[in-house]
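The structure appears below as structure tokens.
Throughout, protein chains are lettered first and strands after them, A, B, ... in sequence-line order, and every chain is numbered starting at 1. Because only heavy atoms are used, hydrogens play no part in the values below, and waters and symmetry mates are left out as well, while side chains stay in.
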Amino acid sequence: MTAALTLSHVTKTYLTKTGPLTALDDLDFEIAEGEFLSVLGPSGCGKSTLLTLASGLEAPTDGTVLRAGQPVRRAVTDIGIVFQTDALLEWRRVLENIMLQPQIRGLDMAAYERRARELLDLVGLGDFAGKYPHELSGGMRQRVSICRALVHDPSLVLMDEPFGALDALTREQMVMELHQLWLRTKKSVMFVTHDIQEAILLAGRVLVMTPRPGRVAEIVEVDLPYPRTPRTMETPRFIALVAHVRNLFEQYGVLKKY
Amino acid sequence: MDGLLVSMALLLVWEAAVRIGQVPAYLLPPPSAVATRLVADFHGILLHTLTTAGEILLGFGLAIVVSIPMAALLAQSRSAERVLHPILVLSQTVPKVAVAPLLVVWFGFGLTPKILIAFTMCFFPIVVDTLTGFKSAPAQLRWLALSTGATRWQAFVHFQVPAALPHIFSGVKVASTLAIVGAVVGEFVAADRGLGYQLIVANGALDVTLSFTILVVLSVMGVLLYGLVDVIERLVLPWHVSQRAHGGGR
């Protein structure tokens, strides 16, 4: 089976006024079809660069990025992106924001409207289809943004710290909702975060990155049973995994030892 | 509604101040005298008002029709903007009041120079605000547009234009007040009709009451034009206007 995303020996160097800056160094991993991979790293470790490479906005300086076995050469359209700022279009109502995808792609609007409404129901926003984004809370906005990333059934979903701007309680709930959504849809997901627990709770594997230049510190297998719940975080195995990642971060100087 | 109340209060204060201070009418006529004059000279003032209103609307409309597409084009190309932006700024630093006599030399005493002066006054704020609007779309939106496979035209229509509209409207609002200044300046320089012309004549005859009457008519026109733009904004951008009403939404 071909992987949803493959990075082989990918290096990305930016030319800046103060000289070349290596954002990513020899990154080598793949996301299997239907896999949920968390990318966990400190700020400035090149996580955003990783997303621009995966979506084909930029080309790697070295190495190759493959989507479904094909090298990525231009902006990839078979993806859904969820940003930290939900990036909803303020001038479109909730349903219209989701329908942006089929509209621009020239797909069958009626069929996709059914699907969009299903997704909205799934995240508990069925009654909000006709609202404008500014009438929603931060958590609701991000749910809409997730629906928009899923409605066109992309083969890969990229998430850039999607819950980073939410309060802790909303965040925990959103993590569980996303998990439920993933269990139902089994999309390939690359979930970028700097939250250790979130990364582990959601993922099949966690790619831990080093501080700049971003390298793979370790890819941690998360052998926790599905479906996961907030209680999963109380299990010894979960705690051990968190401790393991903490050790990695301490080792690389991301977290200070006390 | 609040604006109406405040205007009423100001008129009352004005009337009271003139009466209590016994200010002679040739210095500051009371609003009641202005109102009487407006009724008495209604026909003459109306004709001049129609002339000036025509100049304002044509100059303002021309500015909208030219500035917005121009800003849209500038926003598409960084190099075009780099080349043209300094020229735009330069054109704006030339005082238009000083250019007005030249325009009369070039285009005569008719409607054209007034429209052009109103146009040059309105042009810059609309271009600058529109350009800001087109460039203010966050990077994520561009990224999102690319990920949907949007063509350049689709990205323009579905992302750039709506994101720019609030800025466009604020530029148009500023321009709506300048259009009136432009038309009146044009009439000051050379005209045989229009409120600016009538103002010069009234001042020459020391007819201060008529001068004030014309000023009131000009301000009302300004308020109406601004109000018209505001109403259109409410209709076109319900999402933006209501967001402002809630103090920024979210």
Tell me whether the count of non-hydrogen atoms from other residues, nucleotides or ligands lying under 6.0 Å of CE in A/M176 goes above 12. yes
Answer with side chain, backbone, both or neither: which region of A/T52 has an atom nearer than 4.5 Å to a non-hydrogen atom of chain B? both
Which heavy-atom pair separates A/I104 from B/Q154 by the least distance, and what is that distance? O-NE2, 3.1 Å
Test log, rule side chain to side chain contact (heavy atoms under 4.5 Å, CB included), inputs B/H158 and A/Q103: CA-CA 10 Å; B/H158 293 294; A/Q103 189 188 349; 3.1 Å; yes
Is the count of non-hydrogen atoms from other residues, nucleotides or ligands lying under 6.0 Å from A/R105 atom CZ greater than 12? yes
Is it the backbone or the side chain of A/L100 that comes under 4.5 Å from a heavy atom of chain B, or both, or neither? side chain
Heavy-atom distances under 4.5 Å only: say whether A/R92 touches chain B with side chain, backbone, both or neither. side chain
Under a 4.5 Å cut-off applied to non-hydrogen side-chain atoms, are A/W91 and B/V161 in contact? no
Contact class of A/R93 relative to chain B, heavy atoms under 4.5 angstrom: neither
Heavy atoms of other groups near A/E58 CD, more than 12 under 6.0 Å: yes
Taking heavy atoms only and a threshold strictly under 4.5 Å, list by residue number the residues of residues 128-149 of chain B that touch chain A; give 'none' if the list is empty. B/Q140, B/L141, B/W143, B/L144, B/L146, B/S147, B/T148, B/G149
